[in-house]
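Here the structure comes first, spelled out in structure tokens, and everything after it is commentary.
One is the number of the first residue; the rest follow in order along the sequence.
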Amino acid sequence: MTRSSIPIPVPDGPHQVPSSSTSSLIELSLVLPTFNEARNIKTTLHTVHAILNSIPNLTYEIIVVDDNSPDLTWQLALDECSTLAEVRVMRRTTESGLATAVIRGWQAANGNILAVMDSDLQHPPEVLAQLVKAMRSGADLAAGSRHVEDGGVSDWSYVRRLISRTAQLIGLVLLPEVVGRIADPMSGYFMLKREAIAGKTLNPTGYKILIEVLARGSISRISEVGYVFCERKEGESKVSATIYLQYLQHLFRLRIGLLKESTFARFCLVGLSGVAVDMLLLFLLSDPSMLAWGLTRSKILSAEIAIGNNFLWNDSWTFASRVSPGSSMRSKFHRFVKFNSICLMGLIINLVLLNVMFNLLGMNRYLANGIAIGLTTFWNYFVNKHLGWRSSQ
Ligand code: GDD
Ligand code: MN
């Protein structure tokens with residue numbers, strides 16, 4: 001393992017963890033972010049080192065990432081490298097913030113498992129052994145949690161508990177599919193498989209690196225280990241009002257990012273453009289003040305053109321990643337025929353549902369139509385996704 005008496009270089013460029021390191025891989029890389037932790041760093045390093053040494057067959061490294069602390073935390077950490085061979089130190093001068101510090105540390109890491117914990121002893125180091133065990137049993141991510149069995153906070157005021165829970169609730173409303181996956185999404189104490197985030201650009205603001213990782217990583221198996229968040233004995237917390245604002249900004253950014261990537265959201269947007277095309281053409285063709293064609297004839301033509309419009313957008317945007325770049329006109333035409341048939345079946349389903357809800361169940365016609373459109377959209381989306389744009393063709 002690296003014995004470094006000089007700081008490890010700070011990676012630059014995008015916040016992206018490589019899929020494998022250039023050096024030989026070890027099992028675990030634990031990042032300890034620090035800012036003004038001079039009074040804690042030595043004890044933390046020795047305690048963590050002893051605990052990691054006690055885990056059977058574990059190869060590991062501890063990476064301190066310090067943001068050029070005025071109290072010289074980085075220097076104190078470097079001083080420990082001579083006795084603790086597994087410790088490495090990164091001193092950042094051009095970038096700051098907890099979340100980016102963690103990612104920069106992981107970028108320089110050699111481990112297959114990437115981990116993070118606070119360096120102020122508020123995260124009990126004994127839990128590291130349970131987290132490693134969970135990872136060894138096949139978890140993609142193992143998190144220390146205050147909100148599962150054996151978890152808790154030692155001596156928090158009601159106000160602090162309320163703030164923490166409100167922050168979690170806001171996250172749950174804005175990002176249910178991310179924040180709802182874990183009991184303690186605010187945890188800063190967790191491990192994950194390198195491959196879960198390798199090659200993905202992370203872009204966190206502020207403190208909440210776990211939410212970023214859950215949103216952008218490929219993580220299916222999550223394991224949570226209860227722990228009690230201890231009181232700080234030395235030094236001061238860096239949490240301020242700015243951190244809360246950054247948290248909100250982070251949530252919004254993730255929400256927009258995930259929506260932009262969501263093929264379902266795109267499909268719905270394209271569907272709306274189709275409704276506009278259909279309405280406009282129906283007006284131009286059938287309105288007595290325009291061409292005054294018969295309603296059926298006008299509707300068939302306007303619906304078909306709307307379907308064509310939707311196809312072109314879905315083929316070049318919604319499902320673009322499923323279409324191979326050299327795809328021929330012939331295969332494009334095939335996809336169009338499929339899309340058309342699926343949408344036609346969707347229309348039949350829509351009519352059946354509308355009739356059942358309106359005529360048999362006596363539902364309000366507009367409510368019934370709304371529900372029928374919603375259900376048909378799901379049908380159109382899933383069948384097209386799995387049959388129409390199944391794989392690159
Ligand atoms: N490099 C770097 N840069 N480290 C930082 C920075 C920074 O800007 N800000 C804070 N840290 C380090 C601290 O030195 C400490 O080791 C750790 O990050 C946590 O910071 P605290 O200020 O002590 O945060 P906290 O105790 O209020 O909250 C922590 O615990 C929560 C509960 O698990 C955070 O880690 C949260 O992420 C966590 O959810
Ligand atoms: Mn703390």
Side-chain angles (χ1 to χ4, degrees), residues 175-178 180 215 218 255-286 293-393:
L175 275 179
E177 75 274 43
V178 175
S218 321
R255 178 67 284 155
I256 291 166
L258 291 183
L259 266 183
K260 273 195 200 151
E261 276 165 30
S262 147
T263 51
F264 184 63
R266 290 181 181 191
F267 192 84
C268 290
L269 213 61
V270 170
L272 278 182
S273 82
V275 171
V277 169
D278 180 84
M279 288 280 193
L280 182 69
L281 283 174
L282 195 68
F283 167 73
L284 292 176
L285 297 175
S286 71
W293 286 13
L295 190 62
T296 310
R297 205 155 52 114
S298 307
K299 175 68 199 179
I300 292 175
L301 194 64
S302 63
E304 194 49 47
I305 293 178
I307 287 178
N309 163 80
N310 290 10
F311 172 77
L312 289 177
W313 281 106
N314 284 327
D315 202 56
S316 59
W317 185 54
T318 314
F319 297 119
S321 61
R322 293 170 171 241
V323 177
S324 62
S327 168
S328 65
M329 276 313 280
R330 216 180 116 95
S331 69
K332 197 181 181 88
F333 184 69
H334 268 142
R335 290 196 298 278
F336 176 63
V337 173
K338 262 196 214 169
F339 181 72
N340 226 323
S341 331
I342 294 166
C343 290
L344 205 67
M345 266 154 87
L347 187 64
I348 295 170
I349 294 174
N350 193 329
L351 285 173
V352 172
L353 288 173
L354 184 61
N355 268 293
V356 169
M357 287 186 282
F358 178 64
N359 290 324
L360 292 184
L361 303 178
M363 208 182 262
N364 172 291
R365 77 177 64 210
Y366 300 108
L367 178 65
N369 193 29
I371 296 176
I373 290 175
L375 292 174
T376 312
T377 306
F378 275 116
W379 152 273
N380 278 342
Y381 173 72
F382 286 106
V383 179
N384 273 307
K385 182 175 170 182
H386 294 296
L387 291 181
W389 281 275
R390 187 176 36 209
S391 53
S392 62
Q393 43 197 323

Going by heavy atoms in the side chains, are [X] and [Y] under 4.5 Å from each other?
| X | Y | answer |
| --- | --- | --- |
| Ser273 | Asn310 | yes |
| Trp389 | Thr263 | no |
| Leu301 | Leu285 | yes |
| Phe311 | Lys332 | yes |
| Glu304 | Asn340 | yes |
| Met345 | Asn380 | no |

- Query: Does Arg266 use its side chain to pair, donor to acceptor, with the backbone of Lys260 at less than 3.5 Å?
  - Reply: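 Looks like yes, one N/O pair under 3.5 Å.
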- For Gly388, does its backbone N or O pair with a side-chain atom of Arg322 as donor and acceptor, under 3.5 Å? no
- Atom CZ of Phe378: over 12 foreign heavy atoms under 6.0 Å: no
- Test log, rule side-chain hydrogen bond (donor to acceptor under 3.5 Å, both in side chains), inputs Arg335 and Ser327: CA-CA 11 Å; Arg335 290 196 298 278; Ser327 168; 3.1 Å; yes
So, taking the atom named [atom1] in [X] and the one named [atom2] in [Y], what distance separates them when rounded to the nearest 0.5 Å?
| X | Y | atom1 | atom2 | result |
| --- | --- | --- | --- | --- |
| Leu175 | Glu177 | CG | CD | 6.0 Å |
| Trp313 | Thr318 | CH2 | OG1 | 9.5 Å |
| Trp379 | Leu353 | CH2 | CG | 11.0 Å |
| Leu280 | Leu284 | CG | CG | 4.5 Å |

- Aromatic plane relationship, Phe264 with Phe382 - under 30° parallel, 30 to 60° tilted, over 60° perpendicular: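 Plane angle under 30°, so parallel.
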- The single option from Leu375, Ile371, Thr376, Thr377 that satisfies side chain to side chain contact (heavy atoms under 4.5 Å, CB included) with Ile373 is Thr377
- How far apart are the C-alpha atoms of Asn369 and Phe358, what are their side-chain angles, what is the distance that settles it, and do they pass the side-chain contact (heavy atoms from CB on, under 4.5 Å) test? CA-CA 9 Å; Asn369 193 29; Phe358 178 64; over 6 Å; no
